[in-house]
Every structure is written in structure tokens, then in C-alpha cells.
Amino acid sequence: MSHALTWDTASSTVKLSGTLGRESLLVFWEQRETLLSQVEQIDVSGLDHVDSTGLAMLVRLKGEFEQQKRSLQIVGMSDNLTTLMELYGVKSLLLS
């Protein structure tokens, strides 16, 4: 499994690919304000793996957007990510 996380921005969407986890998300996290300034949607369909740290980042991003009175949709969730969200009790937070 690769530990790389890549992203591509098109219009108002950031598409994440690779692995979203403790070892891979730091560069994205440090650049999030610039990367997400015009974003309304994060597409996670290109992710091969998401660990609990990656899930926590998605929850935190959603919260930051809500504090700014901005909408953020997270789309393209795999069955594994959906299961992880259910196990941690955050599915309703990320799908709202």
C-alpha cells in the first residue's frame, strides 16, 4: 500500500487520491487553507485507504467549514470509508 496522498483541484472540487492517513496527510493539512479556499466539495473516490487519522481530518475540515458558514460536501465514499465512519459515529457529521 502506498503512503502517498495526492490531490487535484478542478472548479470547486478537490479530488484526493492514494492514502489518507497519519503518514500522508501532513502536507495537505498544512496547505488546506489555500487549497480549500474556493472549494465546496471533496471527492474521496480516488482514495485507496483511509485510517482513523484521515477520518479525523475529514471531520475537522467539515467543522472548519461550518465555523466559516461555508458548505462542504464529501463525495465518493467507498464502502470501507462508510463503515469506518459508522464505527466512529461520525457518518451523520460528514454526510450533512
Side-chain angles (χ1 to χ4, degrees):
M1 170 175 38
S2 169
H3 291 291
L5 174 65
T6 60
W7 54 88
D8 185 34
T9 304
S11 184
S12 63
T13 300
V14 169
K15 181 168 183 167
L16 300 178
S17 300
T19 299
L20 181 60
R22 182 178 63 85
E23 310 235 345
S24 65
L25 62 77
L26 185 59
V27 173
F28 181 85
W29 184 254
E30 290 173 342
Q31 297 178 28
R32 75 188 182 285
E33 289 181 24
T34 303
L35 289 170
L36 302 176
S37 64
Q38 302 298 316
V39 166
E40 297 174 2
Q41 182 171 277
I42 296 177
D43 182 347
V44 296
S45 63
L47 292 174
D48 302 320
H49 178 76
V50 179
D51 69 11
S52 59
T53 307
L55 179 61
M57 185 195 83
L58 293 174
V59 171
R60 176 75 185 265
L61 287 174
K62 185 80 169 182
E64 286 182 1
F65 270 68
E66 288 175 0
Q67 285 180 337
Q68 298 168 12
K69 307 284 191 237
R70 294 175 56 203
S71 175
L72 177 66
Q73 287 186 309
I74 300 172
V75 299
M77 293 178 214
S78 67
D79 290 341
N80 288 341
L81 178 55
T82 301
T83 299
L84 189 64
M85 291 172 9
E86 289 171 349
L87 289 171
Y88 280 92
V90 298
K91 186 175 178 182
S92 63
L93 294 173
L94 293 175
L95 295 179
S96 61

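Heads up: numbering here begins at 1 and tracks the sequence. Values below: every heavy atom of this structure, side chains too, minus hydrogens, waters and symmetry copies. Owing to the predicted nature of the structure, the values given are computational and were not obtained by experimental measurement.
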I'd like to check the side-chain contact (heavy atoms from CB on, under 4.5 Å) partners of Val90; sequence neighbours left out, ordered by chain and number.
Leu55, Val59, Met85, Tyr88, Leu93, Leu94
Show the nearest heavy-atom pair for residues Ala4 and Ser24, with the distance to one decimal.
C-CB, 4.3 Å
Side-chain donor/acceptor of Arg60 to backbone N/O of Met57, under 3.5 Å
no
Contact check, side chains of Val44 and Ile74, non-hydrogen atoms, under 4.5 Å
yes
Co-membership, hydrophobic cluster, residues Leu95 and Leu84, 4.5 Å side-chain:
yes
Residues in side chain to side chain donor-acceptor pair (under 3.5 Å) contact with Arg70, at least two apart in sequence or another chain:
Gln68
What residues form a side chain to side chain donor-acceptor pair (under 3.5 Å) with Ser45, not counting sequence neighbours?
Asp43
Nearest 0.5 Å, please: how far is CG in Leu72 from CG in Leu36?
7.5 Å
Provide the full list of salt bridge (Lys or Arg N to Asp or Glu O under 4.0 Å) pairs with a residue in residues 77-91, sequence neighbours left out, each pair given once.
Glu86-Lys91
What is the distance from atom NZ of Lys62 to atom CD of Gln73, rounded to the nearest 0.5 Å?
7.0 Å
Once you round to the nearest 0.5 Å, how far does CG of Leu35 lie from CD of Gln31?
5.0 Å
Rounded at 0.5 Å granularity, tell me how far OG1 in Thr53 sits from CG in Leu58.
11.0 Å
Would you list the pairs meeting side-chain hydrogen bond (donor to acceptor under 3.5 Å, both in side chains) in which at least one residue belongs to residues 33-42, sequence neighbours left out?
Thr13-Gln41
State the CD1-CG distance between Ile42 and Leu61, to the nearest 0.5 angstrom.
5.0 Å
Can you tell me which residue among Leu16, Thr19, Asn80 is in a side-chain contact (heavy atoms from CB on, under 4.5 Å) with Leu47?
Leu16
Only counting residues at least two apart or in another chain, list the ones meeting ring-ring contact (aromatic ring centres under 6.0 Å, His included) with Phe28.
Trp7
State yes or no: do Val39 and Val27 share one hydrophobic cluster built from I, L, V, M, F, W and Y residues joined by side-chain heavy-atom distances below 4.5 Å, directly or via other members?
yes
